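A short write-up of the structure that comes next.
What you see is a predicted model; the values in this text were computed from it and never measured. Every heavy atom of this structure was used, including side-chain atoms; hydrogens, water molecules and symmetry mates were not. Sequence lines set the chain letters: A, B, ... in the order given, protein chains first and strands last, and positions in each chain run from 1.
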Protein chains: 2
Amino acid sequence: MSTDLLQIGDVADRTGLSLRTIRHYEEVELLPEPQRSPGGFRLYSEQAVERLLLIKRMKPLDFTLEQMRDLIDIRDELARPRLGRARRSELTERLRAYHALVEHQLGRLRERVESAEAFARQLGDEID
Amino acid sequence: MSTDLLQIGDVADRTGLSLRTIRHYEEVELLPEPQRSPGGFRLYSEQAVERLLLIKRMKPLDFTLEQMRDLIDIRDELARPRLGRARRSELTERLRAYHALVEHQLGRLRERVESAEAFARQLGDEID
DNA sequence: GAGGAACCCTACCCTCACGTGAGGGTAGGG
DNA sequence: CCCTACCCTCACGTGAGGGTAGGGTTCCTC
């Protein structure tokens, strides 16, 4: 038996994403096209699930799907074994830039929490 | 002189919202139609600015513009002096419901921060 | 091997909260 | 009168999916 493949509904269950979302990610090439069953059903590997979980963790940072694709692709290429030194250091540089951006977005996210907390307190007070 | 009115650009500066956003809020009736200059320029009061700032604080909670309008309208009506007892308690009830929703959304927002932090750590580690 | 439940497919239109651009008018100083 | 900075409306575009129609596939059960 080949490594057990999942159909889209299983992937949705495992990731908490909707079918529509998963297909959409494929449309914009954030997720590679999966294999298909003879009848045309999408069949996903565990790798695909991991990629989706990674994307899900990234989502609150308000990146566009394109940025996420870019970032993940860099990361994936870096994980490959035989890679020229120049290429590797270029990729690392780009990843570092993304990391800075991530920290920045994280800051903004935290501000948003504070802003929301302020509103919640205000509302709480008004109710008495 | 009447209370000094601001034109839309000033309001944008003061609130950090874009002109387009402010006009959009008016389109969907989240913001009441402002006065106009003889030539048609929008002229806003300080009250309008406050309403926008309130909206801005509310935004991270991912409410729809319609929900915000509803919530703010309730709050505004509650702030009015002569209000029947029945009406008042109905409004308070609705406000309380929103408050619960706010707390709920706040929880989700905090989860998102954690999720994003996890991602940031992971990325940081991968870079070394 | 016939049925049927549960699942999946594509194609398409819809939503929400704005962004963007074209084309043109207004405010107010020189 | 002219200039610059600012404003106006109108209309279409965008990103990230949601929803639905109409139909095919898998697989279990009889």
Next on the checklist: Reading DNA chain D in the 5' to 3' direction, which nucleotide is the first one with an atom under 4.0 Å from a heavy atom of chain B, and which is the last?
Outcome noted: D:dC6 to D:dT9

Taking 4.0 angstrom as the limit, do [X] and [Y] come out as a salt bridge?
X: B:Arg108; Y: B:Asp62; value: no
X: B:Arg110; Y: B:Glu114; value: no
X: B:Arg51; Y: B:Asp73; value: yes
X: A:Arg87; Y: A:Glu90; value: yes

State the pairing partner of [N]; accept Watson-Crick or G-U wobble contacts with both distances under 3.5 Å, and report none otherwise.
N: C:dC7; result: D:dG24
N: D:dC30; result: C:dG1
N: C:dG29; result: D:dC2

With a 3.5 Å distance limit and no angle check, can you tell me whether [X] reaches the backbone of [Y] through a side-chain donor-acceptor pair?
X: A:Arg75; Y: B:Leu123; value: no
X: B:Ser115; Y: A:Arg57; value: yes
X: B:Arg69; Y: B:Val28; value: yes
X: A:Gln105; Y: A:Val102; value: no

Checklist entry - Would you say the side chain of B:Ile55 lies within less than 4.5 Å of the side chain of B:Leu52, judging by non-hydrogen atoms? => result yes

Item to check | Close side-chain approach of B:Tyr98 and B:Asp70, heavy atoms under 4.5 Å | outcome: yes

Checklist entry - Do any side-chain nitrogens or oxygens of A:Gln7 fall under 4.0 Å of OP1 or OP2 in C:dC8? => result yes

Checklist entry - Mapping B:Phe63 and B:Gly40 to their closest nucleotides on DNA chain C, which lands nearer the 5' end? => result B:Phe63

Checklist entry - When the nearest nucleotide of DNA chain C is assigned to A:Phe41 and to B:Leu19 on a heavy-atom basis, which residue is associated with the more 5' position? => result A:Phe41

Could you list the protein-to-nucleotides 28-30 of chain C atom pairs, N/O on both sides, closer than 3.5 Å?
none

Checklist outcome for this item: Ordered by number, residues from residues 20-39 of chain A within less than 4.0 Å of DNA chain D (heavy atoms) are A:Arg20, A:Thr21, A:His24, A:Tyr25, A:Ser37, A:Pro38, A:Gly39

Checklist entry - Pick the nucleotide of DNA chain D nearest each of B:Gly9 and A:Ser18; which residue has the one closer to the 5' end? => result B:Gly9

Checklist entry - Which pair of non-hydrogen atoms, one from B:Ala12 and one from B:Leu19, has the smallest distance, and what is that distance? => result CB-CD2, 3.5 Å

